[in-house]
Trainee: 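Handing you this structure, nothing more for now.
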Amino acid sequence: MISTDKEASGKMCGIAGEISFSGRAAPNQVNNMLEMLQPRGPDGAGVWAQGNVCLGHRRLNIIDLSARGNQPMHDPHLGLTIVFNGCIYNYKSLRQELEKLGHHFFSTSDTEVVLKAYAQWQENCLQWFNGMFAFAIWQREDNTVFLARDRLGIKPLYYHQNDNGLRFSSTLPSLLKCTGVPTQINERALHHYMAFRAIIESDTLFHDVHKLKPGHWMKVSQDGEVNIRRFWKLQSDPDDGERHEQDWQEELEKALFTSARRRLEADVPVGVLLSGGLDSSLVVGLLSELGQKQIHTFSIGFDNVAEQEGNEFRYSDIIAEHYDTRHQKIFAEHSELLAQLRPCIRAMSEPMVSHDVIGFYLLSREVSKHVKVVQSGQGADEVFAGYHWYPPMLEASDEKAFQVYADAYFSWDFEQLSKALAPRYREHNLALQYVQDYFKLCPAKLPVDKALLLDTAVMLVDDPVKRVDNMTMAFGLEARVPFLDHELVELAFRIPHRLKMKDGGKYLLKQVARQIIPNQVIDRPKGYFPVPALRQMQGEYLDLAREVFSRQVARERDIFEMNYIDQMLARPQDFTGPFGSKLWQVTLLELWLQEHNIG
């Protein structure tokens, strides 16, 4: 057995590993992956190897800062070794339960609780966990490796399997550091990226490179047998009975406080990313009501472009002043935004087109200088029906619902896509086919409930949630998302949609918020993280796009129809939509491939 440890430890961070089907595992491959994961876990590294299995870990100290929480964590009595990324918020009560069952603990970490829970309940241990997690456990008894990912995919887990073995990592670029990982473009993923602005489900941009889907576990044997099973599925079963609105409001308020309280579990201070919108403002209000004082809050703004305002400080100021937070406003000038675009793209585990990704990157860089843990408002729009495409779904017929959704949600329709993509990627309308199949198979009765399920269980995971995890972890900052507590999400999907969608959306959440935070940030117009420069694609940003597509590798890659790209470069203002610049979307994909040296 090989074991190396440099103050290594368990908690947030990055994990990697190899299970060989044809001999001993290669620690050098795991070390290559860990080197790429260093930003996710700057506080230490550890590698453990036994025969055909090698596990690696990068640490960010959040809970049990001592060496007792080191990872990879090995329990010789149980014959188990774990690498764990995440946080189990109910680990203290779970520990008490396990102690009653006869387990003894040598650390105070939640990592050890996961290990002992697996020893006690095997794969059924996942039902006990409230939190965000991706982990791998080697079991000596049968030489298997058990991997799992949390219910809403807050923590990532990528893998590639071939005849020689299976390798896994917390990020795709890290996995690509292993020899033999393919980089052939996956047509379905390309279509999804263009239409949905995200690569979803188990796909990545590359053939035969996958994500373990949220709410799933995977068991890998030494002879190459791989079993994947689902352990959680979000159901849409709204209660349209006679229950009074006030009863729902009280239950929702209680669940929100419970979720926010759980996410205070840390041995370091917890801050808040404060945009000034309803969701992040409510998080500050909940924490204040829970007794948190002098909360660290952080907001970011950008230069205005034309008539488009680049910050929402006037709203975040209201909350900061109301709760007397330790507030920091971060202003990013054009020069800084442009200078940090490439490092931001290198930090993306997959191409992420949303303009606000650079905002989260720059914000996280500054926030990490002050705190190691932040709470964030992601997920509320999907869970509580805040987007503009939900009201049309109320009127949609069952037969046409998928098309109504696509018309409102897609960045490109298939006619546009067929002009932009190279001929070999034009044969099938794969994005529309996915939505049609989802709506057909979804057990929810009404089109609007199908759309809410799709957005929460799929789109949310691979766009805003992935964005926040990648950008915060680029600076060793742990982001927690109280609106995605799975018990809170389950409650939200029992609430009748008339109470979610009334008065423009998020009605019941707003009613709860009125009891907690100032009305000015509740009744304001809906805003988005504004990054005007990337929506306009003028000046230096247009120059960047021209430079990216002038390179020989871009011209030879054969993803895009280059004559169409040249039209976009000539008249970028003609290629914008409700989700921003289409030119930025294609540029981002090509630039991501270039920054990760994919030819």
Side-chain angles (χ1 to χ4, degrees), residues 1-5 8 10 13-37 45-58 71-76 78-86 111 114-115 118-119 122-123 125-126 133-149 155-182 202 204 206-213 216-229 231:
M1 182 176 76
I2 299 172
S3 180
T4 64
D5 159 355
C13 14
I15 63 174
E18 179 180 56
I19 304 118
S20 173
F21 302 152
S22 56
R24 300 185 70 82
N28 64 307
Q29 298 282 356
V30 175
N31 278 314
N32 288 342
M33 289 190 279
L34 289 183
E35 186 177 347
M36 284 291 289
L37 294 175
V47 176
W48 174 94
Q50 174 75 55
N52 70 312
V53 175
C54 183
L55 303 177
H57 184 265
R58 294 272 350 173
Q71 290 189 46
M73 180 180 283
H74 179 64
D75 188 320
L78 295 174
L80 299 175
T81 304
I82 185 172
V83 286
F84 169 66
N85 172 28
T111 304
V114 174
L115 196 68
Y118 183 73
Q122 293 289 289
E123 60 265 21
C125 69
L126 300 166
F133 53 83
F135 63 81
I137 297 176
W138 171 77
Q139 185 164 272
R140 180 178 60 205
E141 181 181 354
D142 56 4
N143 196 27
T144 59
V145 176
F146 177 80
L147 303 102
R149 189 176 178 204
K155 287 295 148 187
L157 191 60
Y158 295 84
Y159 69 94
H160 168 64
Q161 176 190 354
N162 57 31
D163 292 342
N164 297 320
L166 184 145
R167 292 164 179 156
F168 66 87
S169 180
S170 293
T171 74
L172 179 56
S174 166
L175 191 61
L176 292 172
K177 287 297 179 182
C178 294
T179 55
V181 178
S202 61
T204 70
F206 308 116
H207 274 298
D208 297 324
V209 184
H210 302 285
K211 301 185 284 273
L212 184 61
K213 290 201 287 190
H216 283 69
W217 59 257
M218 175 167 64
K219 185 171 279 191
V220 185
S221 69
Q222 62 181 339
D223 62 3
E225 183 182 352
V226 176
N227 255 321
I228 298 177
R229 296 284 184 273
F231 69 88

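These values consider heavy atoms only, across backbone and side chains, with no hydrogens, waters or symmetry-generated copies. Residue indices begin at 1 and follow the sequence shown.
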Trainee: Should we say atom NZ of Lys219 is surrounded by more than 12 heavy atoms from elsewhere, each under 6.0 Å from it?
Mentor: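 Check passes, neighbour count above 12.
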
Trainee: Atom CG of residue position Asp163 - does it have more than 12 heavy atoms of other residues, nucleotides or ligands inside 6.0 Å?
Mentor: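 No, not enclosed.
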
Trainee: State which residues pass salt bridge (charged side-chain N to carboxylate O under 4.0 Å, His left out) with Lys213; sequence neighbours excluded, sorted by chain then number.
Mentor: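 Glu201.
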
Trainee: In terms of side-chain heavy atoms, does Gln71 have a donor or acceptor partner in Thr111 at a distance below 3.5 Å?
Mentor: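 Side-chain D/A pair, Gln71 to Thr111: present.
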
Trainee: Tell me the closest heavy-atom pair linking Ala25 and Pro27, and the distance in Å.
Mentor: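 That would be O-CD, 3.2 Å.
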
Trainee: Only counting residues at least two apart or in another chain, list the ones meeting side chain to side chain contact (heavy atoms under 4.5 Å, CB included) with Met218.
Mentor: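 Applying side chain to side chain contact (heavy atoms under 4.5 Å, CB included) to Met218 gives Leu147, Tyr159, Leu166, Leu212, Val220, Val226, Ile228.
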
Trainee: Flag yes if more than 12 heavy atoms outside Glu123 fall under 6.0 Å of its CD atom; otherwise flag no.
Mentor: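 Yes, the 6.0 Å shell around CD holds more than 12 heavy atoms from other groups.
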
Trainee: Walk me through whether Leu37 and Cys13 qualify under side chain to side chain contact (heavy atoms under 4.5 Å, CB included).
Mentor: CA-CA 8 Å; Leu37 294 175; Cys13 14; over 6 Å; no

Trainee: With a 4.5 Å cut-off on side-chain heavy atoms, are Arg167 and Thr179 touching?
Mentor: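 Thr179 vs Arg167: side chains touch.
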
Trainee: Are any of the side-chain heavy atoms of Lys155 and Phe135 separated by less than 4.5 Å?
Mentor: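 Lys155 does not reach Phe135 side chain to side chain.
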
Trainee: Could you state the interatomic distance from OG (Ser169) to CG (Asn32), rounded to the nearest 0.5 Å?
Mentor: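 It comes to 11.0 Å.
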
Trainee: Nearest 0.5 Å please: distance from the NZ atom of Lys177 over to the CG atom of Leu172.
Mentor: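 So the gap between those two atoms works out to 12.0 Å.
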
Trainee: Let me confirm one number: the CG-CZ distance from Asn85 to Arg149, rounded to the nearest 0.5 Å.
Mentor: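 It comes to 10.5 Å.
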
Trainee: Is there a side-chain contact between Leu55 and Ile15, using heavy atoms and a 4.5 Å cut-off?
Mentor: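 No, every pair of side-chain atoms sits at 4.5 Å or beyond.
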
Trainee: Would you check if Pro182 and Phe206 make a side-chain contact, meaning some heavy-atom pair closer than 4.5 Å?
Mentor: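 SC-SC contact between Pro182 and Phe206 ruled out.
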
Trainee: Can you name the residues that form a side chain to side chain contact (heavy atoms under 4.5 Å, CB included) with Asn143, not counting sequence neighbours?
Mentor: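 So Asn143 forms a side chain to side chain contact (heavy atoms under 4.5 Å, CB included) with Asn52, Val53, Trp138, Gln222.
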
Trainee: To the nearest 0.5 angstrom, please state how far the CE atom of Met73 sits from the CG atom of Asp75.
Mentor: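 Met73 atom CE to Asp75 atom CG measures 9.0 Å (nearest 0.5 Å).
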
Trainee: Let me confirm one number: the CG-OG1 distance from Leu115 to Thr81, rounded to the nearest 0.5 Å.
Mentor: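 The CG atom of Leu115 sits 7.5 Å away from the OG1 atom of Thr81.
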
Trainee: Hey, what's the ring geometry for Trp217 with Phe146, parallel, tilted or perpendicular (30° and 60° as the breaks)?
Mentor: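 Correct class here is tilted.
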
Trainee: CG of Asn227 to OG1 of Thr144: how many Å apart, nearest 0.5 Å?
Mentor: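 Going from the CG atom of Asn227 to the OG1 atom of Thr144 covers 10.5 Å.
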
Trainee: What are the two closest non-hydrogen atoms of Ala45 and Arg58, and how far apart are they?
Mentor: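 Ala45 and Arg58 have their closest heavy atoms at CB-NH1, 3.5 Å.
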
